[in-house]
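To find a chain, count down the sequence lines: A is the first, B the second, and so on, and within it residues start at 1. All heavy atoms count here, side chains included; hydrogens, waters and symmetry mates do not.
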Amino acid sequence: MTETTKTGITRRTVLAGAAAGAALLAMPSILRAADRSLKIGVYGGYFQESFDEHIFPDFTSATGIEVQSISEPTGEAWLVQLSQAARAGQAPADVSMMSQVAMLKGQAIDLWSPLDQAKLPNLKNLLPQFVNKYPDGRIAGVGAVAWYITLVTNTDVFPEAPTSWAALWDPANKDRLGLLALVSNSFLLEVTARTFFGGPAKLDTEDGILEVMNKLAELKPNVRLWYRDEAQFEQALKSGEIPMGQYYHDVTGLAAADGNPVRSTFPTEGGILDSGCWAVSAASKKSAEAHEFINYMSDPAIQAKLTRNVGTAPTVARSLTDLTDKEFGAASSEIAPIIPRYDLYQTKSDWLNQKWTELIVAG
Amino acid sequence: MRLEPPRRALDYAPLVFPAVMLTVFFVVPFGIMVMVSFFQRQPAGFYTPAFVFASYERFLTAFFGGVLGFSLGLAALVALICVVIGFPFTYELARARRSVQVVWLVALLSILSLSEVVIGFAWSTLLSRTAGISNLLVWLGLMEKPTALTPNFGAVLTGMVYQALPYTVLVLYPAMARLDPTLMEASRTLGAPPLKAFLTVVVPALRNTILATFIMVFVFALGSYLLPQLLGRPQHWTLSVLITDQAIYQSNMPFAAAMAVFLVLVTLALVGLSLLVGRKEIAA
Amino acid sequence: MSGLVLEGISKSFNGVSAVDHVDLAVPNGTFVCMLGPSGCGKTTLLRTIAGLEEPTSGRILIDGADITAVPAHKRNFGMVFQSLALFPHLNVGENIAYPLRIRSVGRAERVKRAEELLALVDLRGYADRPVARLSGGQRQRVAIARALALSPKLFLLDEPLSALDAKLREAMQVELRKLQQRLGITTIVVTHDQREAMTMADLVVVMGQGRIQQAASPVEIYRKPVNAFVADFIGSTNLIAVQGSGQGVTAPGGTIPGVVLAPGQTSATLSVRPEDIHLVPVGEAPLTGTISFIRDLGASIETFVDAGGTQIVAVASPRDRAEFRVGDTVGLRLAPESCRVLAS
């Protein structure tokens with residue numbers, strides 16, 4: 001409880017603290033271990049459950065640092081909460097898993113405490129795209145998890161797996177698609193640019209983006225559901241109600257392993273590789289513990305464990321891990337990925353959003 | 001007991017609590033929203049205090065005008081259908097036996113306790129091709145093969161009416177239960193068949209209640225943002241959906257606030273207008 | 001026959017009988033008062049006649065035609081409800097013209113008829129008044145005018161005057177009777193006020209426990225009640241238990257000369273109105289008692305006499321009564337023709 005008092009109190013932490021306090025009093029042996037602790041924000045639901053089960057207990061036994069996992073809301077609400085709390089000198093979580101766009105937006109207001117490379121010996125293992133830097137070179141965040149968004153189909157409705165993203169445009173698939181509703185989480189501009197315009201360079205100019213959007217408009221009659229929440233689509237995919245769409249590779253794989261008639265396909269143009277970063281709130285007073293945690297997570301052995309148990313793609317080169325082909329294939333692919341143009345969603349955020357909304361809302 | 005007009009400041013004391021509550025939970029949040037709507041949006045996220053009209057300028061386009069018009073029209077249609085269905089239903093309910101009333105009111109209250117999410121998922125399943133009611137129609141031989149009855153405007157309307165109907169009935173119920181049953185009987189002895197008696201006596205006698213109910217359901221329906229997403233196509237997305245997108249997914253609080261302020265103002269204007277019309281009618 | 005005929009009308013709600021086998025014939029133009037304590041079934045019977053309740057069994061005939069199955073809106077009976085049931089959304093004129101509007105009568109015709117009816121009930125110039133801005137008596141008149149708008153075959157009123165204060169009620173009773181006589185319309189009023197019934201009715205129908213106890217002219221009901229219920233309900237009466245035979249009867253306080261029982265009967269109840277009992281000095285009458293209480297009402301004096309354990313009340317005007325005090329022993333003189341032997 002002394003730690004909580006030091007780091008500042010919000011109503012929410014008082015309530016959580018009261019519950020935790022009651023638990024601590026009941027178990028005095030854990031009280032000593034709690035001398036060093038860390039609040040870690042993880043996407044609520046599947047990620048939080050997996051980390052609570054597979055990662056955090058091992059981290060605590062390896063380092064003696066007690067972890068309190070915090071469920072993050074989806075979208076950028078967590079970013080808003082973090083920044084508002086930071087202004088009041090508070091950190092609802094010391095380390096948070098953040099989306100790339102949120103990372104960039106946080107950088108713009110110096111929300112992330114710069115990380116010290118000297119305290120992160122495992123940093124050398126990471127693939128270069130997973131180290132997130134401020135424009136001046138300071139490290140803002142380190143890749144936490146990576147995942148693919150791929151072309152998914154219901155195997156009952158599509159006995160043959162599609163091979164290209166172009167299947168989304170096939171008139172035969174009228175009213176059969178479930179796609180993510182927002183420009184900033186569907187990455188369909190990148191998919192369209194790669195599939196029909198040779199690559200992401202097409203998105204460098206606004207004219208190019210509009211051209212891509214016009215192409216994208218052609219698939220609108222095929223879309224049955226523009227989803228914001230994963231649950232909206234997943235059930236419909238399993239039942240065959242909406243038999244094709246874009247979805248998370250790992251989650252689809254787990255659903256298939258449970259016997260559902262679904263499959264995830266890496267199209268020839270590549271799957272969409274999205275990722276989350278570990279970032280430390282500037283208001284956090286647990287810098288040492290945070291570095292220790294991020295370094296731990298960058299260990300190839302831990303990344304391999306994540307891939308095996310959580311289904312995320314490793315943020316380190318495959319060669320550093322002991323993953324088998326099957327294990328690696330369940331989470332990733334050798335096909336070159338489509339990497340989202342996160343910069344666009346930061347610099348042209350409102351313009352893109354406006355054009356996108358007009359594009360899909362227009363009858 | 002005689003009611004004395006208040007004389008001393010202390011006589012107003014009972015008003016303090018509601019006044020404070022109204023201020024804390026309505027005036028202050030709305031004030032903050034108005035304030036934020038004039039703030040400067042930072043493209044990287046967040047906003048800085050300022051007094052700019054950028055968010056309102058962005059809103060005042062044909063595109064958002066169309067969305068606003070659709071939202072108002074949809075809410076009005078939902079309110080209209082709810083009142084048209086709910087009014088005769090509540091009339092019969094208020095005249096039913098006590099035990100029947102209790103069963104219905106409990107059922108309606110339990111629907112009211114369902115969140116928009118649950119209602120949305122339930123209806124998207126009910127209207128689906130793979131598990132929906134069309135399968136039942138096929139089984140009954142009324143349809144050739146199961147088809148998806150969503151997404152479309154009808155599905156959105158159905159879901160929203162389902163969501164708002166219990167609310168409508170509960171708002172209508174007290175007035176309906178208080179209505180003197182001899183009014184209908186008088187009308188019948190004066191030569192009106194039951195339906196005509198209902199239309200010429202019950203409906204006009206309760207026109208203020210009807211108007212109030214319509215307005216409440218209208219405002220209630222305006223806030224719906226999940227059902228249009230789950231059951232409709234993007235062209236059926238309401239302004240509330242776009243507000244949510246801006247607030248939650250784009251972190252564009254000034255723009256979300258500006259849209260919300262505009263929606264509240266338009267709603268207040270419409271409500272005021274209908275009250276004015278209602279009062280004139282009664283004076284006439 | 002011409003007029004209203006009820007044949008064996010019964011009505012029960014969920015197995016509980018409200019009206020129990022009622023037979024009644026009402027000639028056209030008659031003013032009927034249905035009188036009885038609350039819960040006696042009189043309102044249910046009226047509503048059954050109006051068509052608002054369906055009888056469980058029995059028939060209703062008008063001028064020989066069976067109308068039992070005719071719905072309320074096709075019967076053309078005017079009805080005034082206890083609540084009056086004026087339509088709150090309509091003004092006085094619109095309320096009165098409502099039945100004409102239902103029949104799609106033109107506006108000019110409606111206004112004209114409303115004016116006529118308002119004149120009939122003495123409310124000229126009130127057509128544009130909202131009903132909420134009327135006094136109780138005015139509302140009463142509007143309800144009556146509305147019920148009469150279609151010149152109904154039958155005019156039904158359910159406790160129409162109960163909401164008015166005593167003075168206004170008496171005035172309205174007279175007015176209602178005059179109106180009925182002017183229009184010659186068959187009228188049935190339900191009331192629990194026997195004074196009201198006596199004032200207005202040609203035919204008083206006393207109801208109790210869902211049945212008609214007695215149906216007769218007011219004077220006959222008062223003078224010749226057929227049973228204790230009627231005798232007690234209409235005015236006040238002394239019920240005296242007597243023993244006797246065809247030769248004479250004995251009450252607890254002495255004999256009552258001139259009264260005989262039917263052959264074979266040995267006991268009975270006598271009903272004697274208080275004004276028919278005269279107090280005389282002891283020895284001048286065979287029935288005696290002790291005065292227990294005197295209530296002097298100014299216009300009349302009520303004297304309570306304990307005659308062998310039975311309380312007997314005598315009423316007389318001060319002029320006709322000799323001076324007595326509480327505790328005096330007095331004789332009670334009863335004229336045989338004023339003693340009614342009741343069916344037991």
Side-chain contact, heavy-atom cut-off 4.5 Å: [X] with [Y]?
X: Thr189(B); Y: Leu52(C); result: yes
X: Arg47(C); Y: Glu185(B); result: yes
X: Phe87(C); Y: Pro204(B); result: no
X: Ser187(B); Y: His73(C); result: no

Contact origin within [X] toward chain B - heavy atom pairs under 4.5 Å:
X: Arg75(C); result: neither
X: Leu86(C); result: backbone
X: Pro71(C); result: neither
X: Ala147(C); result: backbone

Q) Between Ile102(C) and Thr200(B), what is the shortest heavy-atom contact and its length? A)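 Reported closest heavy-atom pair: CD1-OG1, 3.9 Å.
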
Q) Where do Val201(B) and Tyr98(C) come nearest, in terms of heavy atoms and distance? A)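 Of all heavy-atom pairs spanning Val201(B) and Tyr98(C), the closest is CG2-OH, 3.4 Å.
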
Q) Relative to chain C, which of Pro181(B), Pro194(B), Ala192(B) shows the most heavy atom pairs under 4.5 Å? A)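 Going by pairs under 4.5 Å, I would pick Ala192(B).
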
Around [X], counting heavy atoms of other residues, nucleotides and ligands shown, do more than 12 lie under 6.0 Å from its [atom1]?
X: Lys178(C); atom1: NZ; value: no
X: Gln181(C); atom1: CD; value: yes
X: Phe13(C); atom1: CZ; value: yes
X: Tyr225(B); atom1: OH; value: no

Q.
Using a 3.5 Å distance criterion without hydrogens, assess whether the side chain of Lys74(C) forms a donor-acceptor pair with backbone atoms of Gly191(B).
A. no

Q. Checking His89(C) side chain against Val203(B) main chain: does a donor-acceptor pair fall under 3.5 Å?
A.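 Checked: no pair found.
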
Q) When heavy-atom pairs shorter than 4.5 Å are enumerated against chain B, which of Pro152(C), Pro130(C), Ser83(C) gives the highest number? A) Ser83(C)

